[in-house]
Amino acid sequence: AIEDFNRALDLLPDYDEAYYQRGNSHLQLQEIPTAILDFSRAIQLNPYSIKSYYKRAEAYADLGEVASVLADYAQAITRIPKDPNAYYQRGRFLAENGEMHKAIADFTTALNLDARHADAYCSRGCCYAELGEMTKASHDFNQALLHNPSHQAAYYQRMYSLGLLKEAGAGINLQQHFNPVLTSTTHPPLRGEDASVSVAAELVEPSSPSIAETGAPQRTTKLEPES
C-alpha cells in the first residue's frame with residue numbers, strides 16, 4: 001500500500017489524502033515518526049483535514065507526547081468548533097489518562113452539540129462510574145441505549161452500575177471495583193469469574209457515522225493528577 005501511495009504522490013505531490021493514507025499505513029506498521037511526518041504534511045496541505053489531526057494525535061500518544069496530543073485535539077476543535085467528535089476524542093484521551101472531570105466536561109460539550117451521541121453518553125457514564133457517581137452513570141447508560149439500542153458497551157455498563165448501586169447500599173467501597181479499560185461497542189469485554197465485582201469503566205469507539213473520521217486507541221501515557 002505504501003508503494004501505491006508513493007506512486008500517487010509522484011504524480012500528485014500536493015495530494016493531502018495520499019499523505020494521510022500513507023501515514024495510516026506507517027502508523028499500522030508502528031513506524032510512528034514517519035507517520036507523524038505524513039500526517040503533518042497532510043495538515044500543511046489541508047489545515048481542515050480533521051482526521052489527520054486525530055491520527056497525528058494517536059501517533060503522538062504512542063510516543064507519550066501528551067502536550068502534542070492535546071495540541072492536536074485543540075487544533076481540530078479550532079478548525080471545526082461545532083464537531084462533537086473533536087470533544088469526544090479529546091474526552092476519551094483525558095479519561096484514559098485519569099482526568100475524569102476534564103473528560104466529563106468534554107463529553108458534555110459533545111452532547112450539547114449532538115444530543116444523540118450515544119458513545120459520548122456511554123463514555124461519560126463510565127467516568128461517572130469511575131468517580132463513584134453511580135446514579136449519574138446509570139442515567140447516561142440509559143441515554144446511550146435510548147439513542148442506540150444496540151450499544152453493547154452501554155448494556156454491560158448499565159448492568160454493572162446497577163450491581164454496584166446495590167453494593168453501595170451495603171457500604172462497600174466502590175473505588176476498589178474499578179479497573180479502567182478501553183473496549184468497543186461491537187466487541188464486548190471479556191469478564192473473569194469475579195466479573196460481578198470487578199467492574200471496568202469502558203470508553204468506547206464511535207459506533208455510528210461521524211462528521212470526521214475518528215479513532216484514538218488505548219493510552220498508557222499518564223497525565224499529571226488532577227488538582
Side-chain angles (χ1 to χ4, degrees), residues 1-99 102-103 106-107 110 119-120 123 153 180-187 189 202-224:
I2 290 175
E3 288 302 319
D4 289 337
F5 295 129
N6 288 341
R7 286 192 289 271
L9 288 168
D10 285 339
L11 296 172
L12 298 169
D14 292 335
Y15 186 25
D16 63 280
E17 181 66 18
Y19 281 106
Y20 168 77
Q21 294 294 347
R22 190 174 70 177
N24 267 335
S25 296
H26 286 301
L27 188 60
Q28 291 170 5
L29 294 172
Q30 289 297 298
E31 297 168 352
I32 307 302
T34 306
I36 289 173
L37 289 175
D38 275 350
F39 295 137
S40 296
R41 180 59 176 156
I43 290 169
Q44 183 181 24
L45 292 169
N46 179 10
Y48 288 89
S49 178
I50 302 303
K51 60 187 179 182
S52 295
Y53 289 107
Y54 292 162
K55 284 294 184 179
R56 190 171 68 176
E58 179 179 330
Y60 279 134
D62 287 341
L63 296 179
E65 298 185 16
V66 172
S68 296
V69 174
L70 295 176
D72 270 352
Y73 287 134
Q75 281 294 314
I77 290 170
T78 298
R79 297 296 180 185
I80 306 182
K82 298 299 184 181
D83 181 3
N85 287 300
Y87 293 97
Y88 172 72
Q89 289 295 340
R90 187 173 67 180
R92 289 183 64 236
F93 178 79
L94 290 166
E96 289 158 16
N97 286 278
E99 294 279 356
K102 293 179 182 178
D106 271 350
F107 294 139
D119 293 334
S123 292
V181 297
L182 180 68
T183 188
S184 73
T185 56
T186 55
H187 295 86
E202 292 160 341
L203 305 174
V204 298
E205 297 285 355
S207 60
S208 57
S210 60
I211 294 175
E213 178 178 334
T214 61
Q218 290 194 52
R219 305 296 179 214
T220 55
T221 306
K222 297 297 181 182
L223 299 178
E224 291 298 321

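Since this is a predicted model, take the numbers as computed values, not measurements.
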Where Leu9 and Ala18 come nearest, the two heavy atoms and their spacing: CD2-CB, 3.6 Å
Restricting to side chain to side chain contact (heavy atoms under 4.5 Å, CB included), what partner residues turn up for Asp106, sequence neighbours left out? Tyr87, Arg90, Leu94
Taking side chain to side chain contact (heavy atoms under 4.5 Å, CB included) as the test, write out the residues that go with Leu12, two or more places apart. Tyr15
Distance check, rounded to the nearest 0.5 Å: Asp72 atom CG versus Gln89 atom CD? 12.5 Å
Those residues that, when tested against Ile43, pass side chain to side chain contact (heavy atoms under 4.5 Å, CB included) (two or more places apart): Ser52, Tyr53, Arg56
Please tabulate, for side-chain N and O atoms in residues 30-38, each donor-acceptor pair with protein atoms closer than 3.5 Å (sequence neighbours left out).
from  : atom 1 : to    : atom 2 : distance (Å)
Glu31 : OE1    : His26 : ND1    : 2.5
Asp38 : OD1    : Arg22 : NE     : 3.4
Asp38 : OD1    : Arg22 : NH2    : 2.8
Asp38 : OD2    : Arg22 : NE     : 2.8

Between Phe107 and Gly91, the two heavy atoms sitting closest are CZ-C, 3.4 Å
Check the pair Asp14 / Gln44 against side chain to side chain contact (heavy atoms under 4.5 Å, CB included), numbers first and verdict last. CA-CA 10 Å; Asp14 292 335; Gln44 183 181 24; over 6 Å; no
Spacing of Leu45 atom CG and Tyr19 atom OH [to the nearest 0.5 Å]: 6.5 Å
Quick check: do Asn85 and Ile50 have side-chain heavy atoms less than 4.5 Å from each other? no
Nearest heavy atoms of Arg79 and Tyr48, plus distance in Å: O-CE2, 3.5 Å
Gap between atom OG of Ser25 and atom CD of Glu3 - 0.5 Å precision: 11.0 Å
Could you go step by step and tell me if Phe39 and Asn24 meet the side chain to side chain contact (heavy atoms under 4.5 Å, CB included) rule? CA-CA 8 Å; Phe39 295 137; Asn24 267 335; 3.8 Å; yes
Side chain to side chain contact (heavy atoms under 4.5 Å, CB included) against Ala71, all qualifying residues, sequence neighbours excluded: none
I'd like to check the salt bridge (Lys or Arg N to Asp or Glu O under 4.0 Å) partners of Arg7; sequence neighbours left out, ordered by chain and number. Asp4
Rounded to the nearest 0.5 Å, what separates atom CD in Glu58 from atom OH in Tyr54? 12.5 Å
